[in-house]
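Input: a single structure, listed below in structure tokens.
What you see is a predicted model; the values in this text were computed from it and never measured. Naming convention: chains lettered A, B, ... in sequence-line order (proteins, then strands); numbering from 1 in each chain.
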Amino acid sequence: MGALSPTFQTTGVSGRGARFRRATRGRDAFWLYMVIALVLLALEIFGSGVPRQIRGYANDLAAPVLALLKEPIDAAQAGLERVAGVGDIYLENEELRDENGRLRQWREAAQRLILENERLRQILKVPQREIPPLATASVIGVGGGAFERSVLINSGTNENVAANLPVVDELGLIGRTIEVGFLTARVLLITDLNSRVPVRMERTGDVAIAEGLNEAFMRLRFLPVDGVVQVGDRVVTSGHGGLYPPDVPVALVTGIEDDFIQLTPLSKLEALDFVRVMDYRPLPPEQPSEDPAQNGGGSN
Amino acid sequence: MAAPRQARSIIGPAGLMPVAVSVFLALLMLLPLGSGVAGYATPHLVMISCFYWLSWRPLLMPYGACMLLGLFLDLWLGVPLGVNIVMLLLTRLFVLNQLKYYKGKNRGVYWVVFGVMAFGLFLIAWLIMSAVAGSLLPVDTVFLQWLVTSFFYAPIAFVLGRLRRWIL
């Protein structure tokens with residue numbers, strides 16, 4: 001290699017030969033590994049990709065170390081939040097008391113409505129729509145860098161988590177599982193470029209698609225021509241396509257500029273901690289051989 | 001004095017330090033640091049580490065190590081296999097070919113060289129990812145990651161330098 005040539009000039013004939021051989025081996029190694037990398041990339045481009053199972057188990061290798069490294073970070077963050085929050089504690093207490101009073105009223109109203117809803121469902125013989133949680137998991141890693149938006153959670157096949165299950169936090173939809181190992185699963189976030197979530201405008205009922213852009217926000221597309229949308233409108237899943245259950249909160253409309261409708265996710269994607277994997281499997285399990293184009297991460 | 005230290009460090013277990021530190025930094029890249037900026041523009045710590053060690057101890061960061069680091073990074077980050085392998089192999093190729101021009105210069109020169117190299121590598125990665133996606137990806141997030149990575153070179157290189165003087 002080029003860097004070896006300065007020393008190459010200062011040595012004798014035998015040393016020169018040895019260094020030349022070493023350099024050649026280095027160049028050979030470079031091309032060998034480069035060819036391997038290009039073959040792997042070609043497999044990704046042309047659709048074969050690496051089996052998700054391999055990626056899932058590779059994440060299992062990193063999971064114990066990540067869980068260990070996360071402890072001091074969590075402790076430091078909690079400490080910082082505590083220090084930062086001391087000054088505001090009185091005001092926060094006042095606000096929480098007010099909120100608590102309001103929530104108590106809402107709770108009573110919600111309990112009445114649940115009972116009424118249940119009675120009506122029984123009368124009309126409508127099946128239950130509540131989706132039971134399959135696992136509650138902690139986010140132990142983020143992935144993708146500048147190119148993809150995904151997180152790693154510490155639940156895998158050990159807790160019956162499978163691919164293509166919806167994942168939510170306390171505020172709304174986060175994404176869906178894509179690679180599942182024994183201890184971990186990767187969740188493709190709704191803001192990922194490959195993410196497409198069938199949604200419904202809560203106010204008008206119009207259906208559309210919420211598209212990820214690899215940014216903090218998303219874009220609403222394929223709204224009907226006569227669809228009316230306003231800033232502040234809430235967007236929920238429509239249930240179309242079968243990947244997500246209907247009526248899960250997704251995002252708020254936060255900007256409209258010409259035909260670009262900007263959505264801001266309701267869930268705290270920038271600071272995820274605990275998430276819930278929902279046990280929603282209306283579709284048969286995915287076969288590895290079918291639709292290989294989605295093996296590398298796929299679209300929602 | 002320098003020659004025996006170099007020989008000892010290559011032969012002994014301390015010689016594994018550059019690769020071990022790079023693996024640790026790869027895991028650090030995966031940690032959820034609880035901030036939007038961190039989540040969307042994590043510095044490419046492994047690229048910084050590889051550049052640093054290749055500039056100071058090239059024999060301790062062979063092509064095989066770059067390949068394995070890239071492979072695990074691709075698997076852990078969930079990006080198409082090959083992206084980080086190509087980036088790290090090219091990092092080694094670049095450093096080995098250009099080291100003679102900047103070796104022994106002050107730290108600012110190393111920083112600038114790293115910034116230029118990182119720009120080229122992120123550009124290549126963006127092209128590869130666009131080819132895999134089948135359409136041109138937005139450049140702003142990649143540009144932001146290049147900025148953050150270039151900025152973080154100095155503090156990370158400082159820490160790695162302390163480590164190198166202490167162990168190797």
Side-chain angles (χ1 to χ4, degrees), chain A residues 1-6 26 29-30 32-34 36-45 49-50 54-55 57-59 61-62 65-66 69-70 73-74 77 139-152 178-179 186 188 191 193-194 213-216 269-273 296-297, chain B residues 24 26-42 44 58 62-64 66-67 70-72 74-86 89-90 92-93 95-100 103 122 125-126 128-129 131-134 137-138 140-146:
Chain A
M1 304 304 308
L4 295 172
S5 46
F30 171 77
L32 172 70
Y33 295 134
M34 196 53 107
I36 292 173
L38 293 176
V39 167
L40 290 171
L41 279 169
L43 288 175
E44 298 276 0
I45 292 172
V50 66
I54 293 176
R55 287 181 177 274
Y57 288 126
N59 292 332
L61 281 178
V65 188
L66 288 175
L69 290 173
K70 196 171 172 274
I73 289 173
D74 282 351
Q77 276 178 351
V139 173
I140 54 168
V142 292
F147 300 110
E148 293 193 7
R149 299 281 173 263
S150 63
V151 293
L152 205 60
I178 50 169
E179 294 155 9
R186 185 173 296 283
L188 188 78
T191 47
L193 198 68
N194 292 310
L213 298 168
N214 273 5
E215 303 273 359
L269 293 180
E270 74 285 358
L272 290 171
D273 195 359
Chain B
F24 175 76
L27 290 167
L28 219 56
M29 279 174 71
L30 298 178
L31 283 178
L33 295 175
S35 121
V37 175
Y40 292 111
T42 313
H44 202 304
Y63 278 119
C66 293
M67 157 85 185
L71 179 70
F72 275 101
D74 285 335
L75 287 170
W76 288 340
L77 288 175
V79 296
L81 276 191
V83 177
N84 282 291
I85 299 175
V86 169
L89 288 175
L90 289 176
R92 189 171 203 273
L93 187 72
V95 174
L96 292 190
N97 279 301
Q98 303 302 318
L99 186 60
K100 57 192 168 202
K103 193 174 173 66
F122 277 117
W126 175 74
I128 291 172
M129 289 299 292
V132 173
L137 297 179
D140 44 356
T141 47
V142 186
F143 184 72
L144 186 64
Q145 200 186 17
W146 168 70

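Remark: A/L213 CG to B/L137 CG distance equals 11.5 Å, nearest 0.5 Å. In this structure, the separation between NZ on A/K70 and CG on B/L30 is 13.0 Å, given to the nearest 0.5 Å. Taken from CG in B/N84 to CZ in A/F147, the straight-line distance is 8.5 Å, to the nearest 0.5 Å. The CD atom of A/E148 sits 11.5 Å away from atom OG1 of B/T141, with the distance rounded to the nearest 0.5 Å. Of the inter-residue distances, the one linking A/E44 atom CD with B/I128 atom CD1 reads 11.5 Å to the nearest 0.5 angstrom.
B/W76 and A/A58 get closest at one heavy-atom pair: NE1-O, 3.0 Å. The minimum heavy-atom distance linking B/G82 with A/L41 is given by the pair CA-CG, 3.9 Å.
Each of A/L66, A/L152, A/V65 was checked for a side-chain contact (heavy atoms from CB on, under 4.5 Å) with B/L31, and the lone residue meeting it is A/L66. Under the side-chain contact (heavy atoms from CB on, under 4.5 Å) test applied with A/L40, the options B/D74, B/V83, B/L81, B/V86 reduce to a single match, B/L81.
Proximity to chain A (any heavy atom under 4.5 Å) is shown, for B/A125, by both the backbone and the side chain. Within the 4.5 angstrom heavy-atom criterion, only backbone atoms of A/I140 (N, CA, C, O) approach chain B. Neither the backbone nor the side chain of B/F143 comes within contact range of chain A; no heavy atoms are under 4.5 Å apart.
Between chain A and the residues B/V142, B/L89, B/V132, the largest count of heavy-atom pairs under 4.5 Å involves B/L89.
You'll find the side chain of B/M67 stays beyond 4.5 Å of the side chain of A/L32, heavy atoms only. At least one side-chain heavy atom of B/F24 sits under 4.5 Å from a side-chain heavy atom of A/L69. Within the 4.5 Å cutoff, the side chain of B/I85 has no heavy atoms near those of the A/I36 side chain.
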